[in-house]
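Please read the structure below before turning to the comments.
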Amino acid sequence: MDFNEKYEAYLLEFNAVLKSFCNSLNCRPEILRDSLRYSLELGGKRIRPVLCLATADLLGVERRKVLNFALAIELIHTYSLIHDDLPEMDNDDFRRGKPSNHKVFGVGNAVLAGDGLLNTAYSVLFKECKNGAEYISAAEFVCDCAGIYGMIAGQSADLLHENDRSLNELTLNFIYENKTGKLLTAPVVVPAILSGGRCYSELKSFGKDLGELFQLTDDILDVEGEFSSLGKSIGKDKEEGKYTSVALYGLGGAKLRADVLAERCQAILEGIDGDREFLKDLVDFIRTRKN
Ligand code: GRG
């Protein structure tokens, strides 16, 4: 199977889990259920679940052990996108090629949809904890990545430094490591924990570098991408005076740093025994992605 076929196979597998989760949602009122389903069913690359399933395969962890973790991580990711698009955050009218959640359901309902997805992700994780100590550690890891020592800290620093022309590399790294990196680290570290700790530190470093690479390509796409493939507004960083890697290193410099990070990711994978081909291709896919 080539990379695209394998990605599609992981996607199919995860989307089936997500579909059954969506079909099982029976909360009221109807607008709550509709707003949750709207964002979950818009699509997206599902890169975090794909990473989780592929890392499980690399480490020989059974699929049934990781699927609900992949689901919880995607629920958290989707909540973060809904809240990130709000007028008081990144103020984006489009997401995944369609109107943002608040444009369809209003700001109040979008806040609740995000809150609802986050709470439900925790329910999914709590249920997994019944399976034993390793599941508790894995759930704890996901929560730390999503919370005030992870994604929320990164987003808070991002808000704090909006329009900050004196922003330095150290602060930008803090923002990228937490805002984007932590939720890309969780899907590769969860299988490591569930395998009894195999390649834990290597995969943690891999997730950190991959997260920065992902955010750098996001910054590059904000300059060079197209709405038709990206599905969200372009040129917003500059328009809103946001200090990104492109502002710090220049477009060429950001691309060079992305190349270095991609090479670092590849080097970490080289040190892990097993079938690493798909993850290696995934790094290249992220480096050259158009959406
Ligand atoms: C709690 C009010 C409140 C807000 C939280 C935490 C947060 C807002 C936002 C998280 C920050 C965020 C959205 C980071 C950007 C990461 C990023 C590049 C997301 C895009 O991910 P993709 O490209 O999206 O994987 P798809 O659509 O493919 O799933």
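All residue numbers refer to positions in the sequence shown, counting from 1. For ligands, and for the atoms within them, numbers begin at 1 and follow the listed sequence.
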Starting from [atom], which protein heavy atom do you reach first, and at what distance in Å?
| atom | result |
| --- | --- |
| atom 10 (C) of ligand 1 | S80 CB, 3.6 Å |
| atom 19 (C) of ligand 1 | L81 CD2, 3.8 Å |
| atom 2 (C) of ligand 1 | M89 CE, 3.2 Å |
| atom 1 (C) of ligand 1 | H83 ND1, 3.5 Å |
| atom 25 (O) of ligand 1 | R48 NH1, 2.8 Å |

Please determine whether a side-chain nitrogen of the Lys or Arg among [X] and [Y] lies less than 4.0 Å from a carboxylate oxygen of the Asp or Glu.
| X | Y | answer |
| --- | --- | --- |
| E270 | K280 | yes |
| K103 | D92 | no |
| R63 | E13 | yes |

*So which of R46, K45, R96, K179 gets nearest to atom 29 (O) of ligand 1, if we judge by its closest heavy atom?*
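Residue with the shortest heavy-atom distance to the ligand atom: R96.
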*Of the options E212, Q215, Q155, which is the one that meets T180 in a side chain to side chain donor-acceptor pair (under 3.5 Å)?*
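Single pass found, and it is Q215.
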_Below 3.5 Å, N or O to N or O, backbone or side chain included: is there any such pair between H77 and ligand 1?_
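Such a contact does occur with ligand 1.
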*Go through the steps for C52 and F14 under the test side chain to side chain contact (heavy atoms under 4.5 Å, CB included), then give the verdict.*
CA-CA 10 Å; C52 192; F14 176 73; over 6 Å; no
*side chain to side chain contact (heavy atoms under 4.5 Å, CB included) between K127 and V124, intermediate numbers included*: CA-CA 5 Å; K127 283 183 191 124; V124 171; 5.9 Å; no
*State the atoms of ligand 1, each with its element, that fall below the 4.0 Å cut-off from a heavy-atom position in D218.*
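In order of numbering, the contacting atoms are 18 (C).
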